[in-house]
Amino acid sequence: MSRTRPADGDSMPHHALEITLTRALSQAEIDTARRRMPVADNHDATRLMALVKADAPEQAARRLRRRLSDQLPIDVITTHYSDARHKVILNVALPPAAQAILTTAARSESITPERFMEHAVRLALADHAEQEVDHLGRSVQQLLAHTSPAHLLIAVGHALTQFSKEPLP
């Protein structure tokens, strides 16, 4: 869940947001941002985490961008946790020309720019997944040209067992 409700009766939840930066920050820039709102930086100062009070995650992301965009080189703001529908909010500030193109394209389909982008991202991810499956299928066919399906299955099982023992990055 991306939000937590305070125990003190305050009805406005906090949303955990991750800020991806266009470059690493100096310690002075991090300190300046922290004077405006509490943030935690990662090991190389290219990402920050923040908790923002708002009724909805979209509102929290907009509020965060308004508070920090004049001080930080913000690329993307995302909700740290997916919502009940397993969706993550993505907040991107587009250059005016790109925003105009997006708005025009969305109007031509009688939808909001946000819905247009959501649809475009979903299609791009589906296309990427399909390309990856095709690539893996070709790789498997190449492997099967040199071994039996049983040996390939044993090797894949062994590799997956070893992979699950390795620590994740």
Is it the case that the side chain of His15 and the backbone of Ala54 share a donor-acceptor pair, with hydrogens and angles ignored and the cut-off at 3.5 Å? yes

Does Asp41 reach the side chain of Arg34, with side-chain heavy atoms less than 4.5 Å apart? yes

Backbone N/O of Asn42 and side chain of Arg47: donor-acceptor pair under 3.5 Å: no

Does atom CZ of Arg23 have more than 12 heavy-atom neighbours, drawn from other residues, nucleotides or ligands, at distances under 6.0 Å? yes

Under 4.0 Å between a side-chain nitrogen and a carboxylate oxygen: does that hold for Arg65 and Asp70? no

So does Ser82 get a backbone contact from the side chain of Thr79, meaning a donor-acceptor N/O pair under 3.5 Å? no

Shortest non-hydrogen contact from Pro57 toward Ile89: CB-CG1, 3.9 Å

So, for Ala16 and Leu51, which heavy atoms are closest and what is the spacing to 0.1 Å? CA-CD2, 3.7 Å

Supply the members, apart from Val133, of the Ile/Leu/Val/Met/Phe/Trp/Tyr cluster built from side-chain contacts under 4.5 Å; use none for a lone residue. none

When you measure from the side chain of Arg36 to the backbone of Arg67, do you find a donor-acceptor pair of N or O atoms at a distance under 3.5 Å? yes

So, Lys87 and Glu118, do they make that salt bridge, N to O below 4.0 Å? yes

Any donor-acceptor pair under 3.5 Å linking the side chain of Ser108 with the backbone of Ala105? yes

